[in-house]
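Below: the structure, in C-alpha cells.
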Amino acid sequence: MQNPFDFKPADQIQDLQYFGEFGGVNPSISDSSTYTFLSAKTMFDTFEGNAEGCYLYSRHSSPMNLYLGQALAALEGTEAANVTASGMGAITSVLMQLCTSGDEIVSSRTIYGGTYAFMKNMLPKWKIATRFVDITKLEVVEAAITPNTKVLYCETVSNPLLEVADIQALAQLAKKYNLKLVVDNTFSPLQVAPVKLGADVVIHSLTKFINGSSDTVGGVICGTQQFIDDLRNVNDGACMLLGPTMDSFRSASILKNLRTLHIRMKQHSHNAAYLAARFEKDGLKVVYPGLESHPSHMILSRQMNHEYGYGGMMTLDVGSLDRANALMELMQHNNLGYLAVSLGFYKTLFSAPGTSTSSEIPMDEQQEMGLTDGLIRFSIGLDNDIERTYEKMTDCMRQLGIL
Ligand SMILES: *Cc1c(COP(=O)(O)O)cnc(C)c1O
C-alpha cells in the first residue's frame, strides 16, 4: 500500500489545467441536455459505452460534470468519480449498485441521519438489511458480518459525534470477507484519503466543506473506473437510472470553490483547534478529534495528512436542551454564526443534533450513543481573529451561566 502521507491531493488538483472554449481561464459550461452525432454508428457505440469522448445525454455525463468528477478523483486519489445532485444521491446510488435483494450491510451506527434512515427504513423494501454497529469496536464489526454481507459502511469522522473510523483496520476486514468498504469522507476532505488507506469507494456531500458556500447541494462518488462506468451504465447503472444528476451550472461553481479548499480547510482546522483547546481549559465538555482527550485522537493522527489539521467540526455539551437552545440563539444574535444545520460554511454554523440532523435516530439509541440533549454541533467558520470570537462566545456563555 502507498504511504498515505506521500499523497498530496491539493497538488493533484492544482495540476489540473482547463481552458474555456474561447481561451477562458475557467472551462466552458455546456448548456445542453443532449448532444449531436455526426454519424448514427457513433450514437449506437456511445449507448453501448464504447465511444470514449462522446457525449450522449446529460443524465449520463456532461463536459462540466466530467471536469468536476476528474478534480474530485484527484482529491481522493481514485481512477474516476461521478458527481451527483446531492450527497444522498451519491449514497443511495452506491448502495443500490452494490447490493441486491438478500444482501446485508454492516454500518456504523453514528452516521448521517439521512443515510441511517435510508438503510433502516427504505432498503428493507428491497430486502436489504443493515446491522448497525459501534464502528470503533473491530470485534463487534467482525461479529456482525454474515455470508450475506456485501458492504461495510462508515464515515471517516462521524456525524455528529466525531468518532473516527480506523479505515486501515476496516479495509483489512473488508478484504478478509470480500466486502466493499464504502466511506463517507464529507467531514474530512484533503485530511484523510480513505482509498489510500484501503477503502473501495469514497463518497462526499459536496454541499459541505468542498463547496463551502452553502449555496447548493451536491455529491460525488469516487472509485475505480470500472465502478464509475457501472454506475453510469444505461442498462443497470444506479446513477443513470435513478437520475441524481447534477446540473452543469452547479458543477461549474463547485469546481471553482474546490480550488480554494486547501486554504479553507487549514483555517477551519486552525480556528476549531483554538476554540476546542480554550473551551477544554475552561472546563467545558468539548469534543474535538485534535484534543488528546478525544478517544480517537491517535487513530486520526495516524491516518491523516497533518497539513490540514483536525478539521472544523466540534461539539460542546452544555448540559440541557434549554441551555443549548438559549446559547445558540444568543450566539446568532451576536453574529457569531447561524443556528442552522449543515457544515463547511465560511460562517460558523451550530445546531443541536439530537433534535435536528439525527432526529431519524430513536431517542433510546441516541442516549446509548452519547448523543445527549445538551449537545451542540459546531462547524467552525473562517473567522480571521479567532481569539476575538472566543471572547465573544465565552461572553455569551457567561451571560447564560454556562461558564
Ligand atoms: C450532509 C451529509 C450527507 C448528505 O448530503 P446532502 O448533500 O445533504 O444530500 C451525507 N453524509 C454526511 C456526513 C453529511 O454531512
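Each ligand, and each atom within it, is numbered from 1 in the order the structure gives.
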May I have the N/O to N/O pairs between ligand 1 and the protein that fall below 3.5 Å, each with atom names and distance to one decimal?
{"unit_1": "ligand 1", "atom_1": "5 (O)", "unit_2": "S205", "atom_2": "OG", "d": "3.1"}
{"unit_1": "ligand 1", "atom_1": "7 (O)", "unit_2": "G87", "atom_2": "N", "d": "2.8"}
{"unit_1": "ligand 1", "atom_1": "7 (O)", "unit_2": "S205", "atom_2": "OG", "d": "2.8"}
{"unit_1": "ligand 1", "atom_1": "7 (O)", "unit_2": "T207", "atom_2": "OG1", "d": "2.6"}
{"unit_1": "ligand 1", "atom_1": "9 (O)", "unit_2": "G87", "atom_2": "N", "d": "3.0"}
{"unit_1": "ligand 1", "atom_1": "9 (O)", "unit_2": "M88", "atom_2": "N", "d": "2.8"}
{"unit_1": "ligand 1", "atom_1": "11 (N)", "unit_2": "D184", "atom_2": "OD2", "d": "2.6"}
{"unit_1": "ligand 1", "atom_1": "15 (O)", "unit_2": "K208", "atom_2": "NZ", "d": "2.7"}

K208 charged N/C atom sitting above Y112 aromatic ring, 6.0 Å / 45°: yes

Among V202, V183, N185, find the one that has a side-chain contact (heavy atoms from CB on, under 4.5 Å) with I167. V183

If the plane angle is over 60° it's perpendicular, under 30° parallel, otherwise tilted; pick one for Y288 and Y310. perpendicular

Exactly one of M331, M328, M313 should register a side-chain contact (heavy atoms from CB on, under 4.5 Å) with F378. Which one does? M331

Name the orientation class of the two ring planes belonging to Y390 and Y274 (parallel below 30°, tilted from 30 to 60°, perpendicular beyond 60°). perpendicular

Do the side chain of S158 and the main chain of E163 share a donor and acceptor less than 3.5 angstrom apart? yes

